[in-house]
Amino acid sequence: ARDAGPGNLRVFKPSLQQSLSERIGLENALKEALEKEQFFLHYQPQVRAADERVVCLEALIRWQHPSLGLVMPDRFIPLAEATGAIAAIGSWVIDAACRQLAEWRAMGFAEVRVAVNLSAQQLLMSDLGDTVQLALQRSGLRGDDLELEITESVLMQDPQRSIERLEALRGLGVRLSIDDFGTGYSSLGYLKLLPVHAFKLDRSFVRDIGKSEKDLEICATAVGLARNLGLEIVAEGVEDAVQAAQLRQLGCHLLQGYYFARPLPAHAATAMLLEDRSG
Ligand code: C2E
Ligand code: CA
Ligand code: CA
Ligand code: CA
């Protein structure tokens, strides 16, 4: 192996070599993305089921790379987790979302809040509380102006430690929600212990709610469970009026999905807030 000649390179199939170099390219580009200010946030509204007023805007990260174009989070968040870049990126997201909310507050939107997604590693980082507190302070916001979304499967990776971290965050007054609810195999006994404010019913159950009795039952059960625990329930991935009506009837508090709005650039989200206020 020591005197590996050029011939040895042929053990790599071209396709594998390509995906490897693509990965390395992405990884290197990711290192510079933050300082080159290539990240930005889109905001997707969550509306109250009762009157369809916007109550929350979920920040969703985007990466605009000069040659790769627009890179979506599913492609680079896992890489950022693997390389440790997620720490700085995650802090940037929290700060940027808070700054944006401060702008909306200055425009007189007193009721809306922002939601930010947390990655697995972020939840376990010891300085997350400081990061959140600093972002709130800098923007002049209160704890409950910010909601943090954590997926059920992330919590299940280290259930006991997760509860401790959630309790510390809750101590700052921020709202907490369980994202992709129903996909993480939590036991009822564990769910009961989680110090959270809301469940976000996963899109996969919402999708076929009109076609599948079973999915309808799952949605009904999730809504019932949340309500019995005194929690809010948000349905994500609502794509049409029929789904919206069914979820409203089941008792979902908040609805989110393409039917109401796609993730929007900040200026378009502002336009939607203005329209929401006048209508
Ligand atoms: P998520 O938190 O479950 O976000 C919902 C995803 O579904 C978003 O994809 C959103 O654009 C999409 N979506 C919303 N409504 C609908 C709908 O009606 N139909 C369909 N088919 N899709 C809908 P996006 O923006 O590509 O984000 C994907 C995932 O990346 C997010 O899933 C979240 O887990 C992660 N992510 C996004 N931003 C961040 C971030 O700032 N930090 C971290 N750690 N993760 C993030
Ligand atoms: Ca989310
Ligand atoms: Ca989700
Ligand atoms: Ca998801």
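Note that these values count all heavy atoms, side chains included, but never hydrogens, waters or copies made by symmetry. Because the structure is predicted, anything quoted here is derived from the model rather than measured. Counting starts at 1 for both ligands and their atoms, in listed order.
- Checked against a 3.5 angstrom limit, the closest N/O atoms of Gln44 and ligand 1 fall inside it.
- Every atom of ligand 1 with a heavy atom of Ser119 under 4.0 Å away is listed here by number and element: 44 (N).
- For the Ca ion (ligand 3), the set of nearby N, O or S atoms under 3.0 Å includes one belonging to Glu236.
- For the pair Arg277 and Phe109, the cation sits on the ring face: its NZ or CZ lies under 6.0 Å from the ring centre, inside 45° of the axis.
- Between Arg142 and Asp144, at least one side-chain nitrogen of the basic residue sits less than 4.0 Å from a carboxylate oxygen of the acidic one, meeting the salt-bridge criterion.
- Near Met72, meaning under 4.0 Å from any of its heavy atoms, are these atoms of ligand 1: 26 (O).
- At a 3.5 angstrom cut-off on N or O pairs, Ile61 counts as close to ligand 1.
- Under 4.0 Å is where a charged nitrogen must lie from a carboxylate oxygen, and between Asp180 and Arg203 no such pair does.
- Contacts of Lys200 with ligand 1, taken as heavy-atom pairs under 4.0 Å, are absent altogether.
- Close contacts of ligand 1 with Asp74, meaning ligand atoms under 4.0 Å from a residue heavy atom, involve 28 (C), 29 (C), 30 (O).
- Contact atoms of ligand 1 toward Asp180: 3 (O) (distance under 4.0 Å to a heavy atom of the residue).
- The closest heavy-atom contact to atom 25 (O) of ligand 1, among the options Arg62, Arg262, Glu81, comes from Arg62.
- Ring orientation note: the planes of Phe181 and Phe199 are close to parallel, at an angle under 30° on the 30°/60° scale.
- Note on Glu58: its N/O/S atom closest to the Ca ion (ligand 2) is OE2.
- Checking each of Glu149, Glu147, Glu232 against Lys200 for a salt bridge (charged side-chain N to carboxylate O under 4.0 Å, His left out) leaves exactly one that passes, namely Glu149.
- For the residue pair Glu81/Ser119, the side-chain donor-acceptor check at 3.5 Å is satisfied.
- Under a 4.0 angstrom heavy-atom cut-off, Gly237 registers as being in contact with ligand 1.
- Contacts with ligand 1 closer than 4.0 Å are made by no heavy atom of His42, backbone or side chain.
- Below 30°, between 30° and 60°, or above 60°: for Phe76 and Trp63 the angle between ring planes is above 60°, a perpendicular geometry.
- The shortest heavy-atom contact between Pro195 and Ile163 is CG-O, 4.3 Å.
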Enumerate donor-acceptor pairs with a distance under 3.5 Å from any side-chain N or O in residues 123-135 to protein atoms, sequence neighbours excluded.
{"unit_1": "Thr131", "atom_1": "OG1", "unit_2": "Asp127", "atom_2": "O", "d": "3.0"}

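- Contacts between Arg203 and ligand 1 below 4.0 angstrom, taking non-hydrogen atoms only, involve the side chain exclusively.
- Distances from the Ca ion (ligand 2) show that Asn117 has an N/O/S atom below 3.0 Å.
- In this structure, CG on Leu264 lies 8.0 Å from CD on Gln44, to the nearest 0.5 angstrom.
- Look at Asp179 and the Ca ion (ligand 3): an N/O/S atom of the residue is under 3.0 Å from the metal.
- Of the heavy atoms in Asp179, only side-chain atoms (C-beta onward) come closer than 4.0 Å to ligand 1.
- Only the side chain of Pro263 comes within contact range of ligand 1, with a heavy atom under 4.0 Å; no backbone atom does.
- Within Glu149, OE1 is the N, O or S atom that lies nearest to the Ca ion (ligand 2).
- Using a 4.0 Å cut-off to heavy atoms of Val93, the atoms of ligand 1 that qualify are 41 (O).
- Within ligand 1, counting atoms from 1 as listed, the ones closer than 4.0 Å to a heavy atom of Glu58 are 2 (O), 4 (O).
- Taking only non-hydrogen atoms, the option from Val116, Ile89, Asn117 nearest to atom 33 (C) of ligand 1 is Asn117.
- The Ca ion (ligand 2) has no N, O or S atom of Asp180 under 3.0 Å away, backbone or side chain.
- The heavy atom nearest to atom 17 (C) of ligand 1, out of those in Tyr259, Tyr258, Phe260, is found in Tyr258.
- For Glu236, the heavy-atom gap to ligand 1 drops under 4.0 angstrom.
- At under 3.5 Å, a nitrogen or oxygen of Glu239, whether backbone or side chain, sits near a nitrogen or oxygen of ligand 1.
- The minimum heavy-atom distance between Val114 and Cys56, with the atom names listed, is C-SG, 4.1 Å.
- Only one option out of Leu166, Asn117, Leu169 pairs with Leu148 in a side-chain contact (heavy atoms from CB on, under 4.5 Å); it is Leu169.
- Taking OG of Ser212 as the start and CD1 of Ile218 as the end, the distance is 7.0 Å to the nearest 0.5 Å.
- Near Gly257, with a cut-off below 4.0 Å to any heavy atom, the atoms of ligand 1 are 15 (N), 18 (O).
- Within a 6.0 Å radius of CD in Glu164, more than 12 heavy atoms belonging to other residues, nucleotides or ligands are found.
- Partners of Arg99 under the side-chain hydrogen bond (donor to acceptor under 3.5 Å, both in side chains) rule, at least two apart in sequence or in another chain, are Asp95.
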